[in-house]
Amino acid sequence: MPKRTDIKKIMVIGSGPIVIGQAAEFDYAGTQACTSLREEGYEVVLINSNPATIMTDSVIADRVYIEPLTLEFASRIIYKERPDAILGSLGGQTGLNLVVELAESGILDEYHVEVLGTALDAIEKAEDRDKFSAMLDRIGVDQPEWSALTSMEDINAFIDKVGFPVLVLSLIHISEPTRLRRI
């Protein structure tokens, strides 16, 4: 693929705080991307809230912002820096979510910032469980039976229907005892 000459400045979103043993791959990938983009002659602006990562070393990007990875701070940086493009997929879930927020808020359109890497529609398909499941059904990929449930009664009914093992992805608060067990 030929080098894009219409892009001069790229904003890269890091992954934020990293728990020891987790997400180091985002730091490594982001560091390599920033280095490679600079070698290709692009100006690189990095936003990452984690000062303890190699990615935020001053030699990795032309400008480094150690700021919260929020719509407010990212918008301010876009306003100040005026990047031509944004690369959020190297920041894992945090970076992808922030790119979606920036797009939905209208900031990317307002400042004519192109999304590089993972396209917005691909992020949306991957993040929305219903859309992702429908896509898998359309292309004929088997998937485990799943359901979005909001009560303990619904969870127990689902377990009665499908049996164990069951994976619960997000359980905020259920006050009554549960039959779910670690597997």
Side-chain angles (χ1 to χ4, degrees), residues 1-136 139 169-170 172:
M1 172 181 232
K3 179 180 174 182
R4 298 267 310 262
T5 56
D6 58 322
I7 294 174
K8 305 292 183 218
K9 187 186 290 190
I10 300 171
M11 181 170 161
V12 175
I13 301 174
S15 61
I18 298 174
V19 175
I20 294 174
Q22 295 180 343
E25 66 275 12
F26 298 126
D27 182 40
Y28 179 78
T31 300
Q32 295 302 309
C34 289
T35 302
S36 296
L37 290 169
R38 288 183 78 199
E39 285 175 2
E40 289 297 318
Y42 296 107
E43 188 176 348
V44 176
V45 174
L46 170 68
I47 177 174
N48 194 338
S49 60
N50 184 3
T53 167
I54 190 67
M55 189 182 207
T56 56
D57 189 295
S58 61
V59 300
I60 301 299
D62 295 290
R63 265 169 312 294
V64 176
Y65 291 88
I66 301 175
E67 299 289 352
L69 297 172
T70 64
L71 177 63
E72 176 188 354
F73 282 94
S75 298
R76 288 180 189 177
I77 294 166
I78 289 171
Y79 173 77
K80 180 181 178 184
E81 293 290 341
R82 306 293 171 114
D84 301 304
I86 191 166
L87 186 56
S89 51
L90 298 165
Q93 196 65 50
T94 302
L96 293 173
N97 290 344
L98 185 50
V99 167
V100 169
E101 278 188 87
L102 288 163
E104 288 176 350
S105 73
I107 296 294
L108 298 182
D109 285 338
E110 181 179 347
Y111 293 99
H112 310 288
V113 180
E114 180 182 345
V115 176
L116 300 178
T118 308
L120 288 169
D121 64 330
I123 297 169
E124 183 180 309
K125 283 179 192 170
E127 290 301 309
D128 185 304
R129 286 182 175 83
D130 290 320
K131 289 180 182 180
F132 188 74
S133 180
M135 180 192 65
L136 292 178
I139 62 175
L169 296 178
S170 180
I172 304 300

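No experiment lies behind these values; they were computed from the predicted model shown.
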Result block: side-chain N/O donor-acceptor pairs under 3.5 angstrom for residues 111-123, not counting sequence neighbours:
| from | atom 1 | to | atom 2 | distance (Å) |
| --- | --- | --- | --- | --- |
| Glu114 | OE1 | Arg4 | NH2 | 2.7 |
| Glu114 | OE2 | Arg4 | NH1 | 3.1 |
| Glu114 | OE2 | Arg4 | NH2 | 3.4 |

Quiz item: Any sub-3.5 Å donor-acceptor pair from Asn48's side-chain atoms to Gly16's backbone N or O?
Solution: yes

Practice problem: Please identify each residue that fulfils salt bridge (Lys or Arg N to Asp or Glu O under 4.0 Å) with Glu40, with sequence neighbours left out. | Solution: none

Exercise. Output every pair passing side chain to side chain donor-acceptor pair (under 3.5 Å) with a member in residues 87-98, not counting sequence neighbours, ordered by first then second residue.
Key: Gln93-Asn97, Gln93-Glu127

Self-check item: side-chain contact (heavy atoms from CB on, under 4.5 Å) evaluation trace for Thr35 with Ile60
Solution: CA-CA 6 Å; Thr35 302; Ile60 301 299; 4.1 Å; yes

Practice problem: With sequence neighbours left out, write down each residue that passes side chain to side chain donor-acceptor pair (under 3.5 Å) with Ser36, or none if nothing qualifies. | Solution: none

Which donor-acceptor pairs under 3.5 Å do side chains of residues 79-86 form with protein atoms, sequence neighbours excluded?
| from | atom 1 | to | atom 2 | distance (Å) |
| --- | --- | --- | --- | --- |
| Glu81 | OE1 | Lys9 | NZ | 3.1 |
| Glu81 | OE1 | Arg63 | NE | 2.9 |
| Glu81 | OE1 | Arg63 | NH2 | 3.0 |
| Glu81 | OE2 | Arg63 | NE | 2.9 |
| Glu81 | OE2 | Tyr65 | OH | 2.4 |
| Arg82 | NE | Tyr79 | O | 2.6 |
| Asp84 | OD2 | Lys8 | N | 2.8 |
| Asp84 | OD2 | Lys9 | N | 2.9 |

Quiz item: Can you list the residues that meet the side chain to side chain contact (heavy atoms under 4.5 Å, CB included) rule with Gln32, with sequence neighbours excluded?
Solution: Tyr28

Practice problem: Sorted by first residue and then second, give each salt bridge (charged side-chain N to carboxylate O under 4.0 Å, His left out) pair with at least one member in residues 47-61; sequence neighbours left out. | Solution: none

Quiz prompt | Under the side chain to side chain contact (heavy atoms under 4.5 Å, CB included) test, residues paired with Asp130 that sit two or more places apart | solution = Asp128, Trp146

Exercise. Please report the closest heavy-atom contact between Leu90 and Ala33, naming both atoms and the distance.
Key: CD1-CB, 3.0 Å

Quiz prompt | Check against side-chain contact (heavy atoms from CB on, under 4.5 Å), Thr56 and Asn50 | solution = CA-CA 7 Å; Thr56 56; Asn50 184 3; 5.7 Å; no

Quiz prompt | side chain to side chain contact (heavy atoms under 4.5 Å, CB included) partners of Pro68, counting only residues at least two apart | solution = Thr70, Phe73

Exercise. Over all heavy atoms of both residues, which pair between Ile47 and Glu67 is shortest? Give the atoms and the distance, please.
Key: CG1-O, 4.2 Å

Quiz prompt | Contacts of type side chain to side chain contact (heavy atoms under 4.5 Å, CB included), residue Ser49, not counting sequence neighbours | solution = Pro17, Leu69

Quiz item: Can you name the closest pair of heavy atoms from Ala61 and Val64 and give their distance?
Solution: CB-CG2, 4.0 Å

Quiz item: Hey, what do you get for OG1 (Thr31) to CD1 (Ile54), rounding to the nearest 0.5 Å?
Solution: 6.5 Å

Quiz item: Roughly how far, to the nearest 0.5 Å, is CD1 of Ile13 from CG of Leu87?
Solution: 8.5 Å

Quiz item: Quick one: are Leu108 and Ile78 in side-chain contact, heavy atoms under 4.5 Å?
Solution: yes

Quiz prompt | Residue pair Ala74 / Leu98: nearest heavy atoms and the distance that separates them | solution = CB-CD2, 3.9 Å

Self-check item: Pairs involving residues 97-106, ordered by first then second residue, that meet salt bridge (charged side-chain N to carboxylate O under 4.0 Å, His left out) (sequence neighbours left out)
Solution: none

Quiz prompt | Leu102 and Leu71: CA distance, side-chain angles, deciding distance, side-chain contact (heavy atoms from CB on, under 4.5 Å) verdict | solution = CA-CA 6 Å; Leu102 288 163; Leu71 177 63; 3.6 Å; yes

Quiz item: Partners of Lys131 by side chain to side chain donor-acceptor pair (under 3.5 Å), sequence neighbours excluded?
Solution: Glu124

Quiz item: Closest heavy-atom contact between Met55 and Leu46?
Solution: O-CD2, 3.0 Å

Quiz item: So which heavy atom on Phe132 is nearest to which on Lys125, and how close?
Solution: CB-O, 3.2 Å

